[in-house]
Amino acid sequence: MEIAGDDSFRIRSYRNGASTIEGYPERIADILANPEAKITDVPGIGKGLAVVLAEIEKTGSCERRDELLKKFTPAALDFLKIQGLGPKTIATLIEHFQITTIDQLEQLCKDQKLRELPRMGAKLEEKVLRGIAQLREHSGRFLLNFADNAAREIMEHLRALEGLEQIAVAGSLRRGKETIGDVDLLVTGPNAVAALERVATYPRVHEVLGRGANKTSVKLGREGLQVDVRALEHESFGAAMQYFTGSKEHNIALRQRALRLGLTLNEYGLFRLDDNTRVAGETEEGVYKALGLDWIPPELRENQGEIELAEAHQLPVLVEQRDIRGDLHMHTTATDGRATLEEMAEAARALGYEYVAITDHSKALSMAFGLDEKRVTDFAGTVRKINERGELGIRIFSGLECDILKDGTMDIEWDALAELDLVIASVHSHMNLEPAAMTDRLLRTLECPQITALGHPTGRLLLHRDPFPFDFDKVVDEAVKRGVAMEINGSPERLDLSATHVRAAKAKGAKFIVSTDAHHPKHLDNMRYGILTARRGGLVAADILNTYATDRFAKSLRA
DNA sequence: GCCGTTTTCGGCCCGACTGTTTTCAGTCG
């Protein structure tokens, strides 16, 4: 609709509606099917979208969408993913050159044809070429939560089958990697082979790539995420879990170790080289134990020193989700969140948290109606009253996600920040500074004594935008010196810091917060991805401020 | 296309940057 030049307010209505539905607790199909319920009672859904929703429910698409895809080629949606290329330019390009693929667009840029059109020039051609390269580099991979949800969906489908003992996730999804290429599921039990049949019948399977005696491969949904399901003997389950969880580097190191011990390791078990007798394989623990190792958490299996630690019985006791006592980064309807402070607090309480910090945006994010000094001060006062009355059943910390301006100064005066319990400082603009300038900017930010943590410190958006470059070591050193924590932002689009950065920062003595950046109560569940990232980075509970009990945490803020 | 005690029309979020121009359209967040 943007490419077609539709009314921008109508487009916004569609966006709002989509976003509402995405976070809506009930299934839209159920509401439509229920004669007692009215779909237009869902906020943001009026007469027009009600019709569209009914159409989608019935046919899987709607007329307007089909028309647009016909007129502008389905590839137009891919063009929109190219950074720096927006709907207007795309419309012009399609109109003038009748392009229908990214390859054709690339050729146009290489042939310097874009500059023939008004307001387009060499810079744009270069930008588009860069954007295409980046898109290609990331294509074929999926966000962790997307793969996670797909795996849950398929496992649910398989659970209906009788005679299955285990249905388990292996592969990079089990290791909690930030992006996933394909999903590996392992199935055991007397009826395991039937699971290979059943997965191919799942409605959202678009294509069956292969179906053999041990394995079925399918492509799931329009996005084409590949899911491999393997049927295994009970006695091989542990070995298969080990083998298919990887990483490749970890497995190579393990197999080398096995050989040194006169053993051979494969996906069926651990066997003695001389007489082929089975030493282990039913459980993963058994495999590791027979290799003289403690069981290694999947998140650490990258051959980055974890095998040596396991041998010396010195593996860290990695942080677990139940160690987390509160979520420290979330937004409400005061800015761009979808729920009120009370709703977010209640959702956090329901998760068993002891405390929660509300951190709306600051005024530089005007599109989000960010808070100015007055609203910050008022908010801090409101939270003090809420806590005095204790009515929400959970301790609220007043916070702010304060924008870091281009020169590194804070978007909000220090006096106002001092009214708050905690401040997360984040970069949301000017991400293309030279590395030295970005480093100076962040160092200047750290001079502000009110800052609790640096929010999503590298600014990356997975599959979409690379981290902005700066001297990470220098900034972490300064943060450690000033007692500023680094955020592990658990939003699956970010996972920022990355596990690698976490590891590096921990080595420098950094403290962390793990938070969700939730804009909706259900986003609080993304803590799980933040924790996976923390674990991949080797963190223990003591490294993370929001594992502290309320009083200790509150004290750490004043220190 | 949605919404509403300012209610059935008229408003709906906006500043900054880039690259192209010579005053501004397009993109981003």
Side-chain angles (χ1 to χ4, degrees), chain A residues 1-21 24 38-56 62-65 68 76 79-95 109 112 114-131 134 331 333-338 360-372 375 401-407 411 426-434 437 455-456 459-461 464-466 468 489 491 493-494 496 517 519:
Chain A
M1 289 167 73
E2 285 179 321
I3 294 170
D6 278 13
D7 175 67
S8 63
F9 296 113
R10 176 177 297 172
I11 293 169
R12 184 189 300 170
S13 295
Y14 272 83
R15 266 222 174 93
N16 279 341
S19 155
T20 304
I21 285 168
Y24 206 67
K38 284 221 316 262
I39 190 74
T40 48
D41 287 342
V42 178
I45 306 299
K47 272 188 195 164
L49 286 183
V51 172
V52 171
L53 285 172
E55 213 185 337
I56 291 172
C62 64
E63 209 183 329
R64 180 88 182 104
R65 180 172 186 274
L68 287 167
F79 296 168
L80 277 173
K81 291 181 200 153
I82 298 167
Q83 279 256 292
L85 204 55
K88 305 281 174 155
T89 314
I90 291 170
T92 311
L93 291 176
I94 292 178
E95 198 174 315
C109 293
Q112 310 192 334
L114 262 52
R115 63 186 69 178
E116 294 173 11
L117 294 175
R119 306 197 72 93
M120 296 191 198
K123 289 269 177 68
L124 181 67
E125 288 166 354
E126 283 168 34
K127 188 157 72 175
V128 171
L129 284 174
R130 275 200 312 277
Q134 203 192 340
H331 300 269
T333 46
T335 61
D336 60 351
R338 312 277 310 179
D360 271 308
H361 287 292
S362 64
K363 63 180 187 287
L365 272 188
S366 53
M367 67 150 200
F369 192 41
L371 275 59
D372 59 14
R375 286 173 71 207
E401 184 182 18
C402 185
D403 257 57
I404 297 173
L405 303 182
K406 187 178 182 185
D407 63 359
D411 185 30
S426 300
V427 169
H428 289 120
S429 60
H430 307 284
M431 298 190 193
N432 52 356
L433 299 186
E434 288 299 312
H456 44 75
R460 73 172 176 174
L461 292 176
H464 187 60
R465 183 176 69 205
D466 289 335
F468 48 70
N489 186 301
S491 165
E493 290 82 20
R494 292 189 182 274
D496 182 8
D517 203 349
H519 286 68

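Please read these numbers as outputs of a predicted model, since none were measured by experiment. Chain naming here is simple, since letters A, B, ... match the order of the sequence lines and numbering starts at 1 in each.
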Pick the [atom1] atom in [N] and in [M], then give their distance to the nearest Å.
| N | M | atom1 | value |
| --- | --- | --- | --- |
| dG15(B) | dC9(B) | P | 31 Å |
| dT22(B) | dC28(B) | P | 24 Å |
| dT6(B) | dC2(B) | P | 23 Å |
| dG10(B) | dC17(B) | P | 36 Å |
| dT20(B) | dG26(B) | C1' | 10 Å |
| dG29(B) | dT23(B) | P | 30 Å |

**Item:** Along DNA chain B (nearest heavy atom to each residue), the more 5'-positioned of P43(A) and G86(A)
**Value:** P43(A)
**Fill in**
Closest to the 5' end of DNA chain B, once L85(A) and N432(A) are matched to their nearest nucleotides, is N432(A)
**Asked** What's the verdict on side-chain contact (heavy atoms from CB on, under 4.5 Å) for D336(A) and F369(A), showing C-alpha distance, side-chain angles and the deciding distance?
**Response** CA-CA 7 Å; D336(A) 60 351; F369(A) 192 41; over 6 Å; no
Between [X] ([atom1]) and [N] ([atom2]), how many Å, whole number?
| X | N | atom1 | atom2 | result |
| --- | --- | --- | --- | --- |
| I90(A) | dT27(B) | CD1 | P | 7 Å |
| D517(A) | dG29(B) | CG | C1' | 14 Å |
| I45(A) | dG4(B) | CD1 | P | 14 Å |
| L433(A) | dA16(B) | CG | P | 16 Å |
| L117(A) | dT20(B) | CG | C1' | 13 Å |
| K127(A) | dG26(B) | NZ | C1' | 9 Å |
| F468(A) | dG29(B) | CZ | P | 13 Å |
| E493(A) | dG29(B) | CD | P | 13 Å |

Regarding [X], tell me which of base, sugar-phosphate or nothing describes its non-hydrogen contacts under 4.0 Å with the strands shown.
| X | value |
| --- | --- |
| M431(A) | nothing |
| N16(A) | nothing |
| P87(A) | sugar-phosphate |
| Y14(A) | sugar-phosphate |
| A91(A) | nothing |

Which listed nucleotide ([options]) is nearest to the side chain of [X]?
| X | options | answer |
| --- | --- | --- |
| H430(A) | dC2(B), dT20(B), dC17(B) | dC17(B) |
| L124(A) | dG29(B), dT20(B), dC2(B) | dT20(B) |
| K88(A) | dG19(B), dG1(B), dT27(B) | dT27(B) |
| R119(A) | dA25(B), dC2(B), dG1(B) | dA25(B) |

**Asked** Is the closest basic N to carboxylate O distance between D6(A) and R64(A) below 4.0 Å?
**Response**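 Answer for the salt bridge query: yes.
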**Prompt:** Counting only N and O atoms by type, is there a donor-acceptor contact under 3.5 Å from the side chain of E55(A) to the main-chain atoms of C62(A)?
**Reply:** no
**Check: R494(A) main-chain N/O paired with R460(A) side-chain donor or acceptor under 3.5 Å** = yes
**Message:** I need the minimum non-hydrogen distance between G370(A) and T335(A), along with the two atoms involved.
**Reply:**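 For G370(A) versus T335(A), the nearest heavy atoms are CA-CG2, 3.9 Å.
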**Message:** Once you measure the plane-to-plane angle for H519(A) and H331(A), does it fall in the parallel (<30°), tilted (30-60°) or perpendicular (>60°) bin?
**Reply:**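 Rings of H519(A) and H331(A): parallel, as their planes differ by under 30°.
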Taking OP1 and OP2 of [N], is either one under 4.0 Å from a side-chain nitrogen or oxygen of [X]?
| X | N | result |
| --- | --- | --- |
| T89(A) | dT27(B) | yes |
| R10(A) | dG1(B) | yes |
| R465(A) | dG29(B) | yes |

**Asked** With both distances under 3.5 angstrom, what nucleotide forms a Watson-Crick or G-U wobble pair with dG11(B)?
**Response**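 Matched dG11(B) with dC2(B) under the 3.5 Å cut-off.
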**Stepwise side-chain hydrogen bond (donor to acceptor under 3.5 Å, both in side chains) test for H456(A) and E401(A)** = CA-CA 10 Å; H456(A) 44 75; E401(A) 184 182 18; 3.0 Å; yes
